[in-house]
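Report on one structure; see the data block that follows.
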Amino acid sequence: MTSTPHSFQVDLRGLVDLLSHHLYSSPRVYVRELLQNAVDAVTARQALDPEAGIRIRLSAADGRITIEDSGIGLTAAEAHTFLATIGRSSKRGGDGAAEGIRALEATRREFLGQFGIGLLACFVVARQIRVVTRSARDPQATPVEWLATDDGSYTVRELPHEARPEPGTTVVLEPRPGAAEWTAPAKVEQLARDYGSLLPYDITFDDGEGGEPRPVTDRPAVWDRPFPTPTARRVALAGHCAQLFGFTPLDSIDLDLPLAGVRGVAYVLPEPTSPAHRAGHRVHLKGMLLTDRADNLLPDWAFFVRAVLDTDTLRPTASRENLYDDETLAAVRDALGARIRGWLGELAASEPERLAAFLRVHHLGVKSMARHDSELLGLMLPWLPFETSDGPMSLEQFAAAHTDVHFTRTVEEFRQIAPIAAAHGLGVINAGYTYDADLLALLPSVRPELKVTELDAGAVTERLDPVPTTAELELAPFLAATRTRLEPQGCDVVLRAFQPVSVPALYLDDRQARQERDRTAALESADSLWSGILGSLRGSAPRARLVLNHNNPLIRRISALPDEALTGTAVESLYGQALLMSQRPLRPTDSTLLNRAFLGLLEWATHSTEAPEDQK
């Protein structure tokens, strides 16, 4: 029989470059396209004839990739329309063929393919594609051969009936030079299992070495299989996670949303991970693997799980390698997040040991969730760990001892104040870690009896023991000189008695005091216009405080020094030491003061060791 050459309706070389370098992330997707076409063909055949036998067989032998199915098949006209036309189903309109294709697309809800690229995607690895097909719609239809090459041409011809006695399709790929990595039998089998393990029809693979064809599909999915006990199911899921993701999970969470057509499982990571890390989840679309890097499937706060699921409702992108982020996905994402929150609530109510094990690793993720869910925060109060002036404990335990809850916004500030606060009964929480300040701001909404305030210098000073009036009057000249010396630093001086005795001085400030210092510094270097503006912003915010410890022997000795210059140098040294202990950033004026005080003490120490001339 004669054959007539035809040309593709696109530049095939440009298409192959587009597919391989821009649309698809890897040539590996050609196996998915082969499986997808076969499954869609069988689905259509089942709709036409439910009693028809089902057969899909993939093989890689003799340098060729072959897939055979007992699906709906094609006529010669359909071969022209569907195997070599790109985009007419939705991108172009205006003729009867386009309208027919659009009508066909409307009926393809049960099929995997949606974008019309189809078999041509196999040109990313093939130099030639041969399709032998026979339509099941017409018993008198003859077999058809569609033969295409990567130079942009194809032929369609009718074959004798004996060339294919039964309806169905066989596709044969001849690899292009350089594609051996993707067409080796072991690689083809591995890709087929990766993409097609959950497909609804039995698929086998033959490597051409004479053995029995091996199954590609492995149904039902592990999360849908019956198990004799919950423990057996948990063990099976753990094994599945280890095989799929390479780790043994802390726990597994069923993700069952029947109304949304979603079924799967989330595996809890056994090690901490950064909240900024967007994990890749595995998503199957009607059994076919869509992607193993879906980063928009779960809420951002659920960074402590890796999910695998199958869906028949979510919409894929054009490359069918990710999920289209539309309203449906947003609703599913919220529902999956609610399921994960529900799992935490179930653990808190019935399995506290498992919850404690989880929080030891992933308390950060739960804190992130609780910021947006006051009900969850109330539920997790007995479990979420915080660093406090009374030691590590939950907010529930801390609130039982302190109705006035103070917190610091930095770890450094907490480390400085915690020992002193604990000694004087002041309850302080370190909110310098991620999410802790947000949670403390929400605490009164679930515990209205609690008062939560940021720690300031005044609150700490009020809790420290005052010095007897007579003692403070005796030290009044010293305190006045000290305040004068530290006035350029924007720091006030107070005298208190506190524990531990080993701390000679404590530097305290708060956010308002820091803002006032920043304003003053900006005012000094501003022009006339900004000087006026910044000057008008001067407030009555409290200044930073240097709290001298009257219980410390060094403070008493410095206050009794007869040399005013040495007293001033010693005071500056106390200020510098307290500032360094607070671990705050040093301003240029602070660095100058520290340098001056250090050199002054060295000079005094060296001069004091020199003997008078008359004693030499």
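As the structure is a computational prediction, the values presented were derived from the model and not from experiment.
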ask   = Under the 3.5 angstrom rule, does the side chain of Arg409 hit a backbone N or O of Ala437 as a donor-acceptor pair?
value = no

Lys/Arg-Asp/Glu bridge criterion (N-O < 4.0 Å) met for Lys286, Asp310 = no

ask   = Closest approach of Leu376 and Ala370, non-hydrogen atoms and distance?
value = CD2-N, 3.9 Å

task = Using a strict cut-off of less than 4.0 Å between a Lys/Arg side-chain nitrogen and an Asp/Glu carboxylate oxygen, indicate whether Arg447 and Glu396 qualify as a salt bridge.
result = yes

note = The residue among Phe407, Phe414, Phe386 that forms side chain to side chain contact (heavy atoms under 4.5 Å, CB included) with Asn430 is Phe414

request  = Given side-chain hydrogen bond (donor to acceptor under 3.5 Å, both in side chains), test Thr43 with Tyr201 step by step and report yes or no.
outcome  = CA-CA 9 Å; Thr43 300; Tyr201 307 115; 3.1 Å; yes

task = Identify the two heavy atoms, one from Phe303 and one from Leu269, that lie closest to each other, and give their separation to 0.1 Å.
result = O-CD1, 3.7 Å

ask   = Cation over ring, Arg306 on Tyr267, under 6.0 Å and within 45°?
value = no

query = Relative to each other, are the rings of Phe358 and His362 parallel, tilted or perpendicular (30° and 60° limits)?
reply = tilted

key: Tyr433 six-ring centre to Lys367 NZ/CZ under 6.0 Å and within 45° of normal   = no

Basic-acidic side-chain contact under 4.0 Å: Glu387, Arg415 = yes

Arg28 bridged to Asp194 by N-O distance under 4.0 Å = yes

inquiry  = Looking at Arg339 and Asp254, would you say the former's side chain and the latter's main chain have a donor-acceptor pair under 3.5 Å?
reply    = yes

query = Is Arg219 paired with Asp202 through a side-chain N to carboxylate O contact shorter than 4.0 Å?
reply = yes

message = Under a 3.5 Å distance rule, please check whether Ser59 uses its side chain to pair with a backbone N or O of Asp206 as donor and acceptor.
response = no

key: Flag, side chain of His406 to backbone of Leu455, donor-acceptor distance under 3.5 Å   = no

ask   = In this structure, which one of Asp325, Val262, Leu309, Leu255 forms a side chain to side chain contact (heavy atoms under 4.5 Å, CB included) with Leu297?
value = Leu309

message = Exactly one of Asp390, Val452, Leu440 should register a side chain to side chain contact (heavy atoms under 4.5 Å, CB included) with Ile429. Which one does?
response = Leu440

message = For Ile203, is there any backbone N or O sitting under 3.5 Å from a side-chain donor or acceptor partner on Arg55?
response = no

inquiry  = Donor-acceptor check, side chain of Gln243 to backbone of His240, threshold 3.5 angstrom: yes or no?
reply    = no

Candidates Thr66, Ile67, Val171 - the one meeting side chain to side chain contact (heavy atoms under 4.5 Å, CB included) with Leu58 = Ile67

inquiry  = Has Arg193 got a side-chain atom pairing as donor or acceptor with Pro215's backbone, closer than 3.5 angstrom?
reply    = yes

ask   = Hey, does the side chain of Arg233 reach the backbone of Val222 with a donor-acceptor pair shorter than 3.5 angstrom?
value = no

key: Whether Arg225 side chain and Pro220 backbone form a donor-acceptor pair below 3.5 Å   = yes

